[in-house]
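This structure is a prediction, so every number in the text was calculated from the model and none was measured.
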Amino acid sequence: MLQLRAQDARRIAVRAQLLDARRPADVVEVAEQLTQLNIDPTNAIMPSEHHLLWSRIGEAYEAGWLSHAFEADRMLFEFNGAYRPMSDLELFLPRMRIAPAYEKSRQWVEANAGFRRDILARVRAEGPTPTGRIPDTSTVPWPSTGWN
């Protein structure tokens, strides 16, 4: 059985979270190491995904790097409220192919079958597309809980 001193365990945890002295070179490197960058729509000081990247990459980080990696380079994809490295896409495809887990979501998708077809046609034609570029052709609006 391997035993670690508490100090060594802390050192491993800090290094695994990219919080040691070594700075990652870019957004995609951080996403690959951490496996995701949570997207937080609240913006108290700065959105959490930018704060996370700034705290890892350092003062050289610019907010445009994330949108460039996501939209222009397409090195990241968005799934379940997080940016994830494109290198992990195959791990998520099986989950993406199954029906939504919640009844309310399933009902909304069924009621907006045309919207779903529009999105799938666009993605087939253009490839990965940021959600902001997809026109809302839904017939039944999503009932907001105040968080979305």
Side-chain angles (χ1 to χ4, degrees), residues 1-102 104-106 108-109 112 115-116 118-138 140-148:
M1 178 200 279
L2 179 65
Q3 290 188 336
L4 292 174
R5 295 179 304 148
Q7 180 181 3
D8 293 330
R10 281 191 296 275
R11 186 174 293 119
I12 291 168
V14 166
R15 186 171 296 147
Q17 287 297 309
L18 302 175
L19 293 169
D20 59 342
R22 186 190 77 78
R23 295 288 186 180
D26 61 35
V27 170
V28 176
E29 184 181 348
V30 174
E32 286 177 338
Q33 176 69 28
L34 299 182
T35 72
Q36 68 180 36
L37 307 172
N38 286 340
I39 300 169
D40 185 353
T42 57
N43 189 7
I45 296 173
M46 71 172 47
S48 68
E49 60 272 24
H50 293 294
H51 184 260
L52 183 146
L53 290 164
W54 176 85
S55 69
R56 270 54 175 200
I57 295 171
E59 291 182 20
Y61 174 71
E62 296 176 20
W65 292 5
L66 178 59
S67 60
H68 193 269
F70 178 64
E71 296 173 14
D73 293 342
R74 296 186 175 189
M75 298 297 295
L76 303 171
F77 68 97
E78 183 181 339
F79 182 66
N80 275 358
Y83 292 114
R84 299 170 189 275
M86 197 60 80
S87 58
D88 287 350
L89 179 62
E90 288 191 48
L91 300 172
F92 291 89
L93 288 176
R95 177 65 186 99
M96 292 173 172
R97 289 185 178 113
I98 62 175
Y102 302 102
K104 181 172 135 183
S105 299
R106 281 194 296 276
W108 185 86
V109 169
N112 289 291
F115 184 36
R116 181 177 180 273
D118 291 348
I119 292 170
L120 292 174
R122 179 178 286 267
V123 171
R124 282 187 195 102
E126 300 175 16
T129 305
T131 55
R133 290 196 190 146
I134 298 173
D136 183 359
T137 60
S138 62
V140 176
W142 181 259
S144 177
T145 61
W147 285 98
N148 58 347

Answer yes or no: is there an ion pair linking E29 with R22, defined by an N-O contact shorter than 4.0 Å? yes
Could you give the distance from OG1 (T137) to CD1 (I119), rounded to the nearest 0.5 Å? 6.5 Å
All side-chain hydrogen bond (donor to acceptor under 3.5 Å, both in side chains) counterparts of Q3, not counting sequence neighbours: none
Sequence neighbours excluded, the answer for side chain to side chain contact (heavy atoms under 4.5 Å, CB included) partners of E59 is W54
Distance-only check: which donor-acceptor pairs under 3.5 Å involve side-chain atoms of residues 64-73, not counting sequence neighbours?
from	atom 1	to	atom 2	distance (Å)
S67	OG	G64	O	3.1
H68	ND1	D73	OD2	3.2

Using residues 4-21 as the side-chain source, report each donor-acceptor pair under 3.5 Å to any protein atom, sequence neighbours left out, with the distance given to one decimal.
from	atom 1	to	atom 2	distance (Å)
R5	NE	D8	OD2	3.1
R5	NH2	D8	OD1	3.2
R5	NH2	D8	OD2	3.4
D8	OD1	R11	NH1	3.0
Q17	OE1	R56	NH2	3.3

Sequence neighbours excluded, which residues qualify as salt bridge (charged side-chain N to carboxylate O under 4.0 Å, His left out) partners of R97? none
Inter- and intrachain pairs under salt bridge (charged side-chain N to carboxylate O under 4.0 Å, His left out), touching residues 78-96, at least two apart: none
Can you sort out the partners of F79 under ring pair (Phe, Tyr, Trp, His ring centres under 6.0 Å), two or more places apart, ordered by chain and number? F92
Please enumerate all residues that pass side-chain hydrogen bond (donor to acceptor under 3.5 Å, both in side chains) together with D26, with sequence neighbours excluded. none
Who are the side-chain hydrogen bond (donor to acceptor under 3.5 Å, both in side chains) partners of S138, not counting sequence neighbours? D136
Looking at every non-hydrogen atom in both residues, tell me the closest pair between L76 and M86 and how far apart they are. O-CE, 3.7 Å
R23: salt bridge (charged side-chain N to carboxylate O under 4.0 Å, His left out) partners, not counting sequence neighbours: none
Report the residues that fulfil side-chain hydrogen bond (donor to acceptor under 3.5 Å, both in side chains) with S87, sequence neighbours left out, ordered by chain and then residue number. E32
Hey, can you tell me if W108 and W142 have their rings parallel, tilted or perpendicular (30° and 60° cut-offs)? perpendicular
Residues two or more places apart in sequence or in another chain: which of them pass salt bridge (charged side-chain N to carboxylate O under 4.0 Å, His left out) with E49? none
Interatomic distance, L91 atom CG to M96 atom CE [nearest 0.5 angstrom]: 10.0 Å
How many angstroms lie between CG in L52 and OH in Y61, if you round to the nearest 0.5 Å? 9.0 Å
Distance, nearest 0.5 Å, that separates NE2 of H51 from CG of N38: 14.0 Å
Just verifying a value: how many Å separate L37 CG and H50 NE2, rounded to the nearest 0.5 Å? 10.0 Å
